Amino acid sequence: QLTSDFYVQSCPKVFQIVRQEVKNAIKTEMRMAASLLRLHFHDCFVNGCDASLLLDGNNTEKSSNANLNSARGFEVVDNIKNALERTCSGVVSCADILAIAARDSVILSGGPSWRVLLGRRDGMVSNQTAANSALPSPFETADQILAKFVAVDLNATDVASLSGAHTIGLAKCGTFSHRLFNFSGSGAPDRTMNTELQTNLQGVCPLNGDGDKTTDLDINSVDLFDNHYFSNLVNGKGILQSDQELFSGGDAAALATKILVQQYSDDSKLFFNDFRNSMIRMGNIRPLTGSQGEIRKNCRVLN
Ligand code: HEM
Ligand SMILES: [Ca+2]
């Protein structure tokens, strides 16, 4: 239903305009590429790719567990939207902006490129509770994460390839420090974590320290979109529990993802190909089309 030439008549400069704004944002702060990529994921998993994540208000997705004090880049989305409104007013949806900005962020970080499909319209609701149940948590096992992907018609290959997004960006101590000291009440750190990394991270995130302090999700190349995330997992150097579970987990889903992690760590071309395909599949989650929803003028509020 979505097409890559959706705006060819109505806003022929859409790709140029988004690319320029993403470039500007990344020039100021390279991490913004990661933040924008994550926004598209968090949008698509809740209610489909409908920019529900961007709506301000009480009890919206922005205040859900995974997004509160964590999702970022909303000002950049505003800048992109404003630039588009100046050139082709009321034409490009906020949901499509997220899809293009995510693609451009990957390209500008050195990752694969793909033809992004367009024609999504913007949704009318944003619900905190829906986001709390749909978005995966870093404290989950591979089985639990796979279930959330299956709920949006994605599969184990999508779990493995899309988790490769953690080749860029940062995570707060609060999302992984439970692995460092007394993991699951064992009295010891997570045994699947490399001990050298453990010691380093214990320094970054001491007991009762600042849970908002951040560290690189890919200790190898935080700003480069490459397959180091996967070689890290093979070496016990995943940051999040949910990352390391993909290689070290003992449940059924982990049996499948472990093979993929190994393959991606050996073959970055295979990773890039699978990532590209999975991003397109994720971008196709329940889009609003035709006369459904609206084209928001301001991504933060309904028209
Ligand atoms: C598989 C389940 C996933 C879990 C449990 C998960 C969890 C997390 C967590 C806890 C963080 C750190 C947030 C913070 O500390 O504020 C994070 C960051 C990030 N996630 Fe995921 N994630 C998952 C999948 C994905 C997917 C599918 C994508 C994109 C395709 C993605 C892209 C990112 C990026 C780029 C960052 C860094 C953001 C930044 O630096 O601003 N993640 N993720
Ligand atoms: Ca990297």
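These figures come from a predicted structure and were not determined experimentally. Order of appearance sets the numbers: ligands from 1, and atoms from 1 within every ligand. Only heavy atoms go into these numbers, but all of them, side chains included; no hydrogens, no water, no symmetry mates. Note that the numbering runs from 1 along the sequence shown for the chain.
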Requested in this report: Kindly assign one of parallel, tilted or perpendicular to the pair Phe225 and Phe271, based on the angle between their ring planes and the thresholds 30° and 60°.
Outcome: parallel

Query raised in the report: Does any N, O or S atom of Asp226, backbone or side chain, fall under 3.0 Å from the Ca ion (ligand 2)?
Result: yes

Query raised in the report: Distance only, no hydrogens: is a donor on one side chain within 3.5 Å (strictly under) of an acceptor on the other, for Gln20 and Asn24?
Result: yes

Report task. Could you point out which residue of Leu108, Val222, Ile168, Asp223 forms a side-chain contact (heavy atoms from CB on, under 4.5 Å) with Met30? Result -> Asp223

Query raised in the report: Counting only heavy atoms not in Glu29, do more than 12 sit closer than 6.0 Å to its CD atom?
Result: yes

Query raised in the report: So, for Glu245 and Glu140, which heavy atoms are closest and what is the spacing to 0.1 Å?
Result: CG-O, 3.9 Å

Query raised in the report: Does the side chain of Asp50 come under 3.5 Å of the side chain of Ser52 through a donor N or O and an acceptor N or O?
Result: yes

Query - Proximal ligand 1 atoms for Ala165, defined as those under 4.0 Å from one of its heavy atoms - result: 28 (C), 29 (C), 30 (C), 31 (C), 32 (C), 35 (C)

Query raised in the report: Does ligand 1 have a heavy atom under 4.0 Å from the side chain of His40, from its backbone, from both, or from neither?
Result: neither

Query - Contact (N/O only, under 3.5 Å) between Leu170 and ligand 1 - result: yes

Report summary line: For Asp218, the N, O or S atom at the shortest distance from the Ca ion (ligand 2) is OD2

Query - Passing option when Ile17 is tested against Ile100, Thr87, Ile97, Val22 for side-chain contact (heavy atoms from CB on, under 4.5 Å) - result: Thr87

Requested in this report: Quick one: pull up CG in Asp153 and CG in Asn284 and give me the separation to the nearest 0.5 Å.
Outcome: 10.5 Å

Query raised in the report: Could you give the distance from NE2 (His166) to CG (Leu37), rounded to the nearest 0.5 Å?
Result: 8.5 Å

Report summary line: A student checking ligand 1 against Ser163 at a 4.0 Å heavy-atom cut-off should list atoms 1 (C)

**Report entry** Atom name, His166 (N, O or S, nearest to atom 21 (Fe) of ligand 1)
**Finding:** NE2

Query raised in the report: With only distance considered, is Arg72 within less than 3.5 Å of ligand 1 through an N or O on each side?
Result: no

Requested in this report: Give a yes or no on whether Ser221 keeps an N, O or S atom under 3.0 Å from the Ca ion (ligand 2).
Outcome: yes

Query - Shortest protein heavy-atom distance from atom 35 (C) of ligand 1, along with the residue and atom involved - result: Ala34 O, 3.1 Å

Report summary line: Note: heavy atom closest to atom 9 (C) of ligand 1, options Leu240, Thr175, Leu246, belongs to Leu240

Query raised in the report: For ligand 1, does Leu217 get within less than 4.0 Å through its side chain, its backbone, both, or neither, judged by non-hydrogen atoms?
Result: side chain

Query - Atom indices of ligand 1 within 4.0 angstrom of Gly169 heavy atoms, with elements - result: 37 (C), 40 (O)

Query raised in the report: Quick check: does Ile168 put an N/O/S atom under 3.0 Å from the Ca ion (ligand 2)?
Result: no

Report summary line: Counting from 1 in the order shown, the ligand 1 atoms closer than 4.0 Å to a non-hydrogen atom of Pro136 are 2 (C), 3 (C), 5 (C)

Requested in this report: Could you tell me whether some N/O pair between Ser137 and ligand 1 is separated by less than 3.5 angstrom?
Outcome: no

Report summary line: Quick look: Ile145 vs ligand 1, heavy-atom contacts under 4.0 Å, and the answer is side chain

Report summary line: If you scan protein heavy atoms around atom 19 (C) of ligand 1, the nearest is Arg38 CD, 3.3 Å

**Report entry** Spacing of Asn227 atom CG and Phe272 atom CZ [to the nearest 0.5 Å]
**Finding:** 7.0 Å

Report summary line: atom 41 (O) of ligand 1 sits nearest the protein heavy atom Ser35 OG, 2.6 Å

**Report entry** Single hit among Asn59, Thr60, Asn58 for side-chain contact (heavy atoms from CB on, under 4.5 Å) with Lys62
**Finding:** Thr60

**Report entry** Which residue and heavy atom of the protein sit nearest atom 25 (C) of ligand 1, plus the separation
**Finding:** Phe41 CE2, 3.2 Å

Query raised in the report: Considering only protein heavy atoms, which is closest to atom 15 (O) of ligand 1, and at what distance to one decimal place?
Result: Lys172 N, 2.7 Å

Query raised in the report: Parallel, tilted or perpendicular for Phe183 and His178, by the 30°/60° rule?
Result: tilted

Donor-acceptor pairs under 3.5 angstrom involving side-chain atoms of residues 204-217: please list them, not counting sequence neighbours.
{"from": "Asp210", "atom 1": "OD1", "to": "Asp212", "atom 2": "N", "distance (Å)": "2.8"}
{"from": "Lys213", "atom 1": "NZ", "to": "Val204", "atom 2": "O", "distance (Å)": "3.3"}

Query raised in the report: When you check the side-chain N and O atoms of Ser248 and Arg191, is any donor under 3.5 Å from an acceptor?
Result: no

Report task. Considering the heavy atoms of Arg31, write down every atom of ligand 1 situated less than 4.0 Å from one of them. Result -> 39 (C), 40 (O), 41 (O)

Requested in this report: State the CZ-OG distance between Phe74 and Ser35, to the nearest 0.5 angstrom.
Outcome: 9.5 Å

Query raised in the report: Any idea which atoms of ligand 1 are less than 4.0 Å away from a heavy-atom of Ser70?
Result: 13 (C), 14 (C), 16 (O)

Query raised in the report: Which atoms from ligand 1 have a heavy atom of Ser242 less than 4.0 Å away?
Result: 5 (C)

Query - Asn227 near the Ca ion (ligand 2) via N/O/S, less than 3.0 Å - result: no

